[in-house]
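Quick note on labels: first sequence line is chain A, next is B, and so on, each numbered from 1. Small disclaimer: the values here were computed from a predicted structure and weren't measured.
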Protein chains: 8
Amino acid sequence: MEVDISKAIVRGYAAKLESCLDCDLVVVGAGPSGLLCAAHVARAGRNVAVFDRKLAPGGGVWGGAMLFNEVVIQQAAVAILEELGVRHTRVDDRFVRADSVELAASLIYRAVHAGAKVFNGVSVEDVIFKGDRIGGVVINYTPILLNNLHVDPLSMRAKVVLDGTGHGAELTARAAQKAGIRLETPTGGLMGEKPMWAEMGEKMTVENTRRVYPGLYVSGMAANGVFGSARMGPIFGGMLLSGQRAAKLILEELGR
Amino acid sequence: MEVDISKAIVRGYAAKLESCLDCDLVVVGAGPSGLLCAAHVARAGRNVAVFDRKLAPGGGVWGGAMLFNEVVIQQAAVAILEELGVRHTRVDDRFVRADSVELAASLIYRAVHAGAKVFNGVSVEDVIFKGDRIGGVVINYTPILLNNLHVDPLSMRAKVVLDGTGHGAELTARAAQKAGIRLETPTGGLMGEKPMWAEMGEKMTVENTRRVYPGLYVSGMAANGVFGSARMGPIFGGMLLSGQRAAKLILEELGR
Amino acid sequence: MEVDISKAIVRGYAAKLESCLDCDLVVVGAGPSGLLCAAHVARAGRNVAVFDRKLAPGGGVWGGAMLFNEVVIQQAAVAILEELGVRHTRVDDRFVRADSVELAASLIYRAVHAGAKVFNGVSVEDVIFKGDRIGGVVINYTPILLNNLHVDPLSMRAKVVLDGTGHGAELTARAAQKAGIRLETPTGGLMGEKPMWAEMGEKMTVENTRRVYPGLYVSGMAANGVFGSARMGPIFGGMLLSGQRAAKLILEELGR
Amino acid sequence: MEVDISKAIVRGYAAKLESCLDCDLVVVGAGPSGLLCAAHVARAGRNVAVFDRKLAPGGGVWGGAMLFNEVVIQQAAVAILEELGVRHTRVDDRFVRADSVELAASLIYRAVHAGAKVFNGVSVEDVIFKGDRIGGVVINYTPILLNNLHVDPLSMRAKVVLDGTGHGAELTARAAQKAGIRLETPTGGLMGEKPMWAEMGEKMTVENTRRVYPGLYVSGMAANGVFGSARMGPIFGGMLLSGQRAAKLILEELGR
Amino acid sequence: MEVDISKAIVRGYAAKLESCLDCDLVVVGAGPSGLLCAAHVARAGRNVAVFDRKLAPGGGVWGGAMLFNEVVIQQAAVAILEELGVRHTRVDDRFVRADSVELAASLIYRAVHAGAKVFNGVSVEDVIFKGDRIGGVVINYTPILLNNLHVDPLSMRAKVVLDGTGHGAELTARAAQKAGIRLETPTGGLMGEKPMWAEMGEKMTVENTRRVYPGLYVSGMAANGVFGSARMGPIFGGMLLSGQRAAKLILEELGR
Amino acid sequence: MEVDISKAIVRGYAAKLESCLDCDLVVVGAGPSGLLCAAHVARAGRNVAVFDRKLAPGGGVWGGAMLFNEVVIQQAAVAILEELGVRHTRVDDRFVRADSVELAASLIYRAVHAGAKVFNGVSVEDVIFKGDRIGGVVINYTPILLNNLHVDPLSMRAKVVLDGTGHGAELTARAAQKAGIRLETPTGGLMGEKPMWAEMGEKMTVENTRRVYPGLYVSGMAANGVFGSARMGPIFGGMLLSGQRAAKLILEELGR
Amino acid sequence: MEVDISKAIVRGYAAKLESCLDCDLVVVGAGPSGLLCAAHVARAGRNVAVFDRKLAPGGGVWGGAMLFNEVVIQQAAVAILEELGVRHTRVDDRFVRADSVELAASLIYRAVHAGAKVFNGVSVEDVIFKGDRIGGVVINYTPILLNNLHVDPLSMRAKVVLDGTGHGAELTARAAQKAGIRLETPTGGLMGEKPMWAEMGEKMTVENTRRVYPGLYVSGMAANGVFGSARMGPIFGGMLLSGQRAAKLILEELGR
Amino acid sequence: MEVDISKAIVRGYAAKLESCLDCDLVVVGAGPSGLLCAAHVARAGRNVAVFDRKLAPGGGVWGGAMLFNEVVIQQAAVAILEELGVRHTRVDDRFVRADSVELAASLIYRAVHAGAKVFNGVSVEDVIFKGDRIGGVVINYTPILLNNLHVDPLSMRAKVVLDGTGHGAELTARAAQKAGIRLETPTGGLMGEKPMWAEMGEKMTVENTRRVYPGLYVSGMAANGVFGSARMGPIFGGMLLSGQRAAKLILEELGR
């Protein structure tokens, strides 16, 4: 019986991994914008792989604020909560409140259930860069990296890569630094996140959700990090709207 | 706007925490058996609190086996997968295979959505022990404990406590050691997990799911740890059936 | 009884925290200048919150010099010692000596007793920045940060923020770097602490206690760090006089 | 000027340390019971030294419960709060609530102000044991121990030693283990703390405050650890009453 | 091209791993006795898997003594050196000396080249235990374990398991402790390695190479650890002869 | 017997080390290109020393990709595999697949067997720099460096030094930074590795294998790091061809 | 020039190490009693090797008490101070005071100058045990052990081994535990150090300096640890007298 | 007796420390050049304090090269070895070889015996800087710094400060960076150590031994670090000659 269990797992995993070696979209960082985008693009029938370096995807949603595990969401994003099946309580005309654990679990569940393949415990070390376009990612198991073991990564092709790595926009930062490229930002470089200003941060995170280089999009806090906008704290409407917008833009590109 | 967001979170969290200070069931460890039990008991209208020391609940489900993120489940538990909305693929007459990330996220989502309050990043340090009965738990934020800060815990009453802490049955072990009590096991003590034997482990984990002391139940691997049965590896049918059985027994006790 | 104790604590803390979400003054760093400023501003009836990342406030006072737990204070600040109820011994015409533990404990006690709310074990991660003014702070539990947990902070508004973070003037440094602002210093930037020169350091720490940006003041060693003056070692008169002066300036601004 | 400051500190500290090399009472662990006992015994004119291994004394008081920095105190101990000058708010007929930072700071301040010498950052490694009596302690700087430096300790005589080290009663445990002595407990040994039971714990901590060996007393949680009673969580009346009782018993022994 | 490289690796590895899920011999610990045994058993046409928790197999051979990377081998084992193609220099009538790096590399090369599958960076956590026989092993990636990630292992069946884990005979120790079995040793338990005595250690390591429980053999230092014989230091003849003998005994058992 | 074993090791090691104090080639980093180069140069009768900071040489070959221990090699390098005696399986017209453990062990074995002296667990801290030429290296035991012990290194002369340190080209980087020299690159400096592009990386690693300063050559990934070319992932043909080319160039220089 | 320097060091060290592979006395732990014993035995013309796991020998002498770098010595040992050339100041009729750094440096200098070979940074892992006698030690570089590298030790024969490892008598403890021998103590086992009692500790450390097993002697604090006597703090007369007595006993044994 | 021992140590240490609060020379870093300089200046009757951050002074001498504990010294410095009473063996016409432990111990012993006060375990954090001259140092216990405890330092005046901190010339670097001063070097800044070149390094270390700013001298490797000269490895003649020259220059300045 142990043999059959192990065989089922090895075969299932190898097939899942192989099916992603040449995919439509790779999402790097399974936070709220990345997961929502993955769910939408997968539901549209595209082949989507999501990588998260932690064992549990979900990014900064789980902990609410200071481990007070509640989050606040604007009215404009309540429709998304309802689509996700997340219960919410009215705060005032502008906001509702939801349980952060319910929101995180639902986002992950919806993405995988829609057909996106989530690889947890896997870090994206680098991008594949061909001529003038980003064409995939280079991955490794996070515990290998945390132990500084000298082990080579594996590489995967993708038509589009989404940087959903949060505050530091680490993927875009590393690609820009290593490849010496000019990003599609006003300065051509990474502009850096600004101090907190909730209204402004929420508004800009949606506007900043767009392509920053051929083959590379940014969403969520990574978008504000790249375009120099404010952070916003434990309010997640902007994140969800950013994920929705990223999906729309990426589906347009893939459809071309 | 920052003030209103913060106020909503502080109030929401304080109310949620206060609503659990005297509850029907406390589940310690948000692995598969604990989460499924919490979902069933909450759905029956009981007040349930779940504590998990990690930031993300889900226990050992996320990683599948060796980070090959697939799990195997027996036919007997396929009904539970369907109740959870988890896609599965037939392996042979005995087994199906499912995505471990989808299973973990669904278990968490269903428990919270059913009304159980999950407190993540919170460790259970100790039990409350009154005369001849366990009557609650003593909690603290995990990061406080990981930093060895000298900070007192908070305590909560519960009619029933479920030890779903996995391999070491840590909660039962600590309670037995500190209080010097005799458990309801053949030896009166913690019998210790045995080496792997998948069939036997799966079978026994359900049988071992029961009361070990007035006010204290065990489920999942903790049940096998307490009653000296085998471990079973990345097959999760027994876990799910154990959670189901724990819910049934606990609802009977609460209904009395 | 455990339930009532827990309820009293949760309610008391939530109310205390909520009362500070929109306050007059936030003091960052509970060293001698910050605590004395907080005591004076609170005694004047203002709503004051103090954050210190350590479990015990008091900053560098506790340890005296090299854990020889005595401190030296100039005659000019002896009146403050007396106001604090701290015993002191004459050294010569210029100095008195006091027990560093008595001084630290008294400073903390007086601040809280005067009505300032001290939040210990809480770090200030960032500022709130609105247009051309600093308008509050972004906080998180220190043990969450020390464990590198991915958990969002909470934010608070304040009419004035005092940077009392000591040698590195970390709050001012981070705000200036992230927001790209020009400080009200001769160079427009952070000028950096100079080597030790006790007389000069003591004198300048009082002069440098002032506003460095709309909404942001500096005191104590942070003042010398921002304006490029010398450090001074285990003599604390300048710190106390700086705290007194910060309170005077801030009350003037609040009174406007 | 630097020379005079350093000279004042070196001389002041050496004199303070020397004045304690042969003292009436050594308190090990500056938690609430130890500090209150030290304050009372010093106020009675006795020579008292207090050692705390942390840089800041105050033990578990600072953090309230889970860093919710409030504590609860029973009516029976409200008189002590008033003597300490600590503000408190009525919870119900049994309890008041106080700010944990105010309580910690006041306890430390009152002890030092009453004449007890508090040595912070100093650990008690061992006891001096002469024939059939404990006659002093062996101390070292905590950071030396934390770095595992091979540096010898210093020793001090005392007529009485109070073990106020909290949960593990570490001092009594080490003395009993190293010296192979029989303690004045029902079993002759250390009986070990029991799980939480607030009422019982509070009651017993006062009763258990007594001599456990010639020259050695226990107070606070260490008393419950030695005599096998329950822990009690973030309620501090028992701690304060234990410190008061320890002072009474020790003054009687010293007066003989 | 990246896709094809990745595909070749994923498929090759999955096939190799699957081919070992039910094998003839599992060697735990790729030190000299384990590797030589694996080479001999594989060369005889058996299906052999070798697990080593380090990234590089070779155990204690690489470093010689104190990183003086030379080893000494007795005349009786020179034939094995020659079979391995390892250069050696005569020391005296009893010994030759060889380069430790050449020996380690050759042992690994010969084992894999003979058809044994070596899985490096993989730890054996536990055994499979069915009724009265050890029937396989439970494995996990070492970096997962080193990071204390909560990830389940994978299990593999084997007709025979060889414990070549060295000094502590960790596999046998864990199996005996967890399963509560009686080993085939004079005491029924693990007898523990004795201090160094080179002649005696070398002699006994070969004699002690045998079955210790149905399905479980020991070789090399693990054999001396189980049977209570002396360690021998940087002389490797006994290790090589032990590996040769283990292969002979295991082939006999497999041939039955 | 222990004395004779120890004597043989001390003498053998001291002689081996002394024989390398003035050698023809020092290879820094025992990855695939360095080991193959060492084997070829030693086979040509030159005195070659190889240093690797790890206990086991072999660099990034052992782990394949993500611990899937297989590697891919182009047709152009299959002749080298055959020379190394490494079994391989055809993937398609362009590639074969080999076991990564077999390849690593064979590379090490062939180098030492050909007469190169491999010093494992030894780090190269610095170069010897005389006037306008690099003339040797400065070595220390890696565990001394890992423990930050203040222990001086030993130095060795060499006619040629090969930097085979991989991605960061650490040796060349340190030499260029410390000595302030101009490298023989288009920019005169270290150009930095580019993101992954397998075809391009493979092609360039061979072309970039050349002298970068009098006395200093680069090979493998270090060559691409110095000359600003792409990384290539778990395909090793380029590495092997680079090692072959380095040997050819170095033998030419030594032969002059 | 670098070659000649390295050659001189390699040759000198190899010869020094080889000269100790079969020696008269091995001293384990270069504290005051071990160093003084080594100096006396070497001065008598015997071949003596001293091992200390730290980079700097000297044990607990360097730091005085709590880094107050002074030590106290009884009149009975002043003659030894004078023999060592250590300046001292009279305290009272019983004691003198000396600089701890001068004492440590002098002890080391005298031992080496007298001909003992001190190997610093080298740990003794184990003893050589032949039949009914301890006959040598097993050594390894400390940094290898601190990094948990799997590297074999080197072994050395000695007619006598002196355990001068201090408080835990680690060498005797390990030998007794591993070999299962009966020590020449009243209980046959290690009796364990007692709490501090300076007079008694000083007196007993000299009496306890003796053989504990054929081939094994103890001195200094290790003697009190083995025979269950008190520790004594920063007074070093007993240590010096113990070293003197150990030398006398060992020379008698060697002379037989 | 414990009281008298402790009293002697506290008094002795306080007096020693106080005697150095205003001294002629402070040596920072007790390596060979610093210790020899301290010995010479103290022997000339000057008040000298030496600080070393390690528990044992001696710097890089103890370990020889790679823990091969021998050092090489040029003929030009043999007279110093003889003055130190260090045995040496002729290597060739240019060099002698000595035991590194004997050399380290002798250097420390001679410095203290000559009257220099060595404070071990004490780090120099900063300089005192008055107007246009360095006038002292700022010290703290190393273990306090290693534990990142927030404890203020103590300060000391000195007519001259010698930077003997080795490779990084850390004291000069920190002073130059914090004070923004121009050093008396060709570039006005710290020029940085060059790669190894033994002849050149030895020659320059003596020439570079000189004043770098009013009140501040450099010696040993710090001199080469400041003036941009080569490192030299385990040859110590230059270090000793540098210490001798530093003493000569400093005595001239003090004598003015």
- Message: Can you tell me which portion of D:K54 sits under 4.5 Å from chain H's heavy atoms? Options are side chain, backbone, both or neither.
- Response: neither
- Message: Taking 4.5 Å as the heavy-atom cut-off, does anything in residues 103-129 of chain D contact chain H, and if so which residues?
- Response: D:I128
- Message: Can you list the residues of residues 138-151 of chain D that sit under 4.5 Å from chain H, counting heavy atoms only?
- Response: D:Y141, D:P143, D:I144, D:L146, D:N147, D:L149, D:H150, D:V151
- Leading residue by heavy atom contact count with chain D [cutoff under 4.5 Å; candidates H:M156, H:E18, H:R157]: H:E18
- Rounded distance (nearest 0.5 Å) linking atom OG of H:S6 with atom CG of D:D22: 10.5 Å
